[in-house]
Amino acid sequence: MYGLNFAPELTGIGKYTGEMCEWLAKHGHDMRVVTAPPYYPAWQIAAGYQGIGFRQETWQGIPIVRCPLWVPHRPNGWKRILHLTSFAVSSLAVVIGQAWRWRPDLIWVVAPAFFCLPGACLAGSLTKTKTWAHFQDLEMDAAARLGIAGTQVFAPWERWLLRQFDRVSTISPAMAERLRAKGVEADRLVDFPNWIDVEQIFPMDNDDGLREELGIPTSSRVILYSGNMGKKQGLETVIEAAYILKRQENLLFLLCGDGPTRPELERKGHDLGLTHVRFIPLQPPTRLNALLNLATLHLLPQRADMSEIVLPSKLAGMLACGGAVIATAEPQTALGKMVVAAGGSLTPPGDSQALADQILFLLEHPQHRQTMQQKAREYALAHLAQEAILQGFERQISDWLTPQPKDPHVL
């Protein structure tokens, strides 16, 4: 497995890649990982991993090589490209060396980072190893929509690289359509959605003492956002909705996480005098279920121009805990369709008044909210269960890589 993000990162791509590798290793597969030190979503290399050298370690029985990279304190524009390039350069010889010495059956690379794709291709070509590229989001498309100048120059290179992989997968039908438009044929394209462990994340009758631990009054109705705080999320809409609802009693907007826009959001909340908006760090995995069950409502903000090229992974946890979800998405988008199918509600992206109105409506209609919660859990059990998704993924890999016996009756 070759990719920028990995465990012990608590959110995003690192979380899913770590869980996938752990599951495969427990089911008898021999794994190696080439990755970077943990840094996301704080954009700061985690304690114990600082330094500029390479590091070897073992996690859950899996050998890992962590390669150095440059992490900008405030990522934007070309800083992100330099950040991604630094890891691609430092890890290139490592991934080729691992493939050459170990001769795996498959090199599996996860994007972001797009800049890791050439290294995976080269390692596969030199060792005659099959390659698989998995897209958690379409970073080149996202960069273009965020206005990062010059990213369009990578488009031809991206199309060429995609043709080099034996398999390409992604997490949503809408993203699969965009990959088809980039030249990935249907017989190479695989649906591989994100998942949730429905036995670890589930509805609880209490918050396991977390409310008291965080100093949240029992009377407070918690409106929760938990995850990365970047430009793609459009979290300024949440702050504006909180301002509209500032006169509502016993209401707490709890924003849990970190990211490049958090300081700006905190300043905005402070300048507006929003004493009912609170920021806290990401909670450890052992507290995640309690955190999710703390919420009266879950918010999933997303910018309008991001809805077809990213599918927020945090939605799975919201649904598995039986959460009532409000997403800022249009009904025809992949995110909008999934939220509606799971019983959630939608408001137009960027419309803080509509978001505030929907929050107020659901707070005043507990029976409607209860129906949403029941549908959310049912959807998670039916469509997002970790065991079922990873078993299907394992079968696909095994069927693909295992030679089928030739029928002696067929010439």
Side-chain angles (χ1 to χ4, degrees), residues 203 207 210-211 214 216-229 232-257 261-262 265-266 268-280 291-304 306-307 312 314-315 317-331 333 335-336 338-377 379:
D207 54 45
L210 184 61
R211 182 181 286 264
L214 294 175
I216 300 174
T218 55
S219 59
S220 292
R221 298 166 293 177
V222 176
I223 314 301
L224 177 66
Y225 171 83
S226 179
N228 181 47
M229 298 182 187
K232 290 187 290 188
Q233 284 73 36
L235 280 163
E236 62 277 359
T237 304
V238 174
I239 301 298
E240 292 163 3
Y243 177 76
I244 294 170
L245 297 173
K246 65 179 180 179
R247 299 191 185 282
Q248 293 295 318
E249 295 183 354
N250 301 323
L251 203 58
L252 174 65
F253 283 78
L254 188 63
L255 281 71
C256 174
T261 66
R262 175 170 166 169
L265 295 168
E266 288 183 294
K268 185 169 185 176
H270 179 268
D271 292 345
L272 292 173
L274 303 183
T275 57
H276 64 306
V277 175
R278 183 175 169 190
F279 292 80
I280 63 172
L291 173 72
L292 294 173
N293 277 275
L294 191 66
T296 306
L297 296 173
H298 293 263
L299 300 185
L300 186 55
Q302 193 78 3
R303 282 176 41 158
M306 294 289 130
S307 57
K314 62 182 72 68
L315 177 58
M318 297 176 183
L319 300 178
C321 77
V325 179
I326 306 174
T328 64
E330 298 295 345
T333 63
L335 175 59
M338 184 173 174
V339 169
V340 170
S345 61
L346 304 177
T347 62
D351 191 335
S352 53
Q353 183 64 60
L355 179 58
D357 291 345
Q358 186 64 13
I359 290 171
L360 195 57
F361 171 81
L362 292 176
L363 291 175
E364 294 175 348
H365 293 81
Q367 285 188 319
H368 186 84
R369 196 169 69 242
Q370 186 176 7
T371 300
M372 293 172 68
Q373 293 168 336
Q374 181 179 347
K375 288 182 176 179
R377 178 64 179 176
Y379 184 93

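What you see below is based on every heavy atom in this structure, not just the backbone, and it leaves out hydrogens, waters and symmetry mates.
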Exercise for review: Please examine the side chains of D351 and T328, heavy atoms only from C-beta on, and report whether any two atoms are closer than 4.5 Å.
Suggested key: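 No. Closest side-chain heavy atoms not under 4.5 Å.
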Review point. L251 versus L363: any side-chain heavy-atom pair under 4.5 Å?
Key: yes
Point to revise | Nearest-0.5 Å distance, OG1 of residue T333 to CG of residue L335 | key: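 That separation rounds to 5.0 Å.
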Review point. Given the rule in the side chain to side chain contact (heavy atoms under 4.5 Å, CB included) test, do I223 and L245 qualify, once you have shown the distances and angles that lead to the verdict?
Key: CA-CA 11 Å; I223 314 301; L245 297 173; over 6 Å; no
Point to revise | Close side-chain approach of F253 to L274, heavy-atom, < 4.5 Å | key: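 Heavy-atom side-chain distance check fails, nothing below 4.5 Å.
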Check your understanding: How far apart are the C-alpha atoms of V238 and V277, what are their side-chain angles, what is the distance that settles it, and do they pass the side chain to side chain contact (heavy atoms under 4.5 Å, CB included) test?
Key -> CA-CA 10 Å; V238 174; V277 175; over 6 Å; no
Point to revise | Heavy-atom closest pair, residues P349 and E330 | key: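 Distance-wise, the nearest heavy atoms are CD-OE2, 3.4 Å.
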Check your understanding: Which pair of heavy atoms, one from T296 and one from A324, lies closest together, and at what distance?
Key -> O-CB, 4.2 Å
Exercise for review: Please list, chain by chain and in numerical order, all residues satisfying salt bridge (Lys or Arg N to Asp or Glu O under 4.0 Å) with R211, sequence neighbours excluded.
Suggested key: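 Partners of R211 by the salt bridge (Lys or Arg N to Asp or Glu O under 4.0 Å) criterion, ordered by chain and then number, come out as D207.
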Exercise for review: Determine, step by step, whether L235 and Y225 satisfy the side chain to side chain contact (heavy atoms under 4.5 Å, CB included) criterion, reporting the C-alpha distance in whole Å, the side-chain angles of both residues, the deciding distance to 0.1 Å, and the verdict.
Suggested key: CA-CA 9 Å; L235 280 163; Y225 171 83; 3.8 Å; yes
Check your understanding: From Q373 CD over to L319 CG, what is the distance, rounded to the nearest 0.5 angstrom?
Key ->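 Here the interatomic distance stands at 11.5 Å.
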Revision key, fill the gap. Residue set satisfying side chain to side chain donor-acceptor pair (under 3.5 Å) with S345, at least two apart, ordered chain then number -> Q358
**Study point:** L224 side chain near L294 side chain, heavy-atom distance below 4.5 Å
**Key:** no
**Study point:** Pair H368-L362, side chain to side chain contact (heavy atoms under 4.5 Å, CB included): steps then yes or no
**Key:** CA-CA 7 Å; H368 186 84; L362 292 176; 3.3 Å; yes
Exercise for review: Determine which pairs satisfy ring-ring contact (aromatic ring centres under 6.0 Å, His included) with at least one residue from residues 338-357, sequence neighbours left out, and list them in order.
Suggested key: none
Point to revise | From L299 atom CG to S226 atom OG, the distance as rounded to the nearest 0.5 Å | key: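 Nearest 0.5 Å value for the CG-OG distance: 11.5 Å.
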Review point. Do you know the tightest heavy-atom contact between C321 and H298?
Key: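 Shortest heavy-atom contact: SG-NE2, 3.7 Å.
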Check your understanding: Shortest non-hydrogen contact from V339 to A327?
Key -> CG2-CB, 3.8 Å
Review point. Residues in salt bridge (Lys or Arg N to Asp or Glu O under 4.0 Å) with K268, at least two apart?
Key: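 Result, salt bridge (Lys or Arg N to Asp or Glu O under 4.0 Å) vs K268: E240.
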Practice item. Flag yes if more than 12 heavy atoms outside F279 fall under 6.0 Å of its CZ atom; otherwise flag no. Key: yes
Point to revise | Residue K375 excluded, over 12 heavy atoms near NZ under 6.0 Å | key: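 No, NZ of K375 has 12 or fewer neighbouring heavy atoms, counting only those of other groups under 6.0 Å.
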Point to revise | Nearest-0.5 Å distance that lies between atom CD in Q248 and atom CD1 in I359 | key: 10.0 Å
Practice item. Indicate the atoms forming the closest heavy-atom contact of G257 with R262, along with that distance. Key: O-NH1, 2.7 Å
Practice item. Considering non-hydrogen atoms only, spot the tightest contact between A241 and L355 and give its length. Key: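 Here A241 and L355 meet closest at CB-CD2, 3.9 Å.
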Revision key, fill the gap. Rounded to the nearest 0.5 Å, the CG atom of L300 sits from the CG atom of L346 at a distance of 10.0 Å
**Study point:** Which residues share a salt bridge (Lys or Arg N to Asp or Glu O under 4.0 Å) with R369, sequence neighbours left out
**Key:**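 Counting only residues at least two positions away or on another chain, R369 forms no salt bridge (Lys or Arg N to Asp or Glu O under 4.0 Å).
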Point to revise | Pairwise side-chain contact, T237 with P301, heavy-atom cut-off 4.5 Å (strictly under) | key: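 They are not in contact (no side-chain heavy atoms under 4.5 Å apart), so the answer is no.
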Check your understanding: Got a sec, which residues hit salt bridge (Lys or Arg N to Asp or Glu O under 4.0 Å) with E236, two or more places apart in sequence or on another chain?
Key ->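 Applying salt bridge (Lys or Arg N to Asp or Glu O under 4.0 Å) to E236 gives none.
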Exercise for review: Side-chain contact test, heavy atoms from C-beta onward, threshold under 4.5 Å: evaluate it for L360 versus I244 and give yes or no.
Suggested key: no
Check your understanding: To the nearest 0.5 Å, what is the distance between CD (Q233) and CD (Q302)?
Key ->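 It comes to 6.0 Å.
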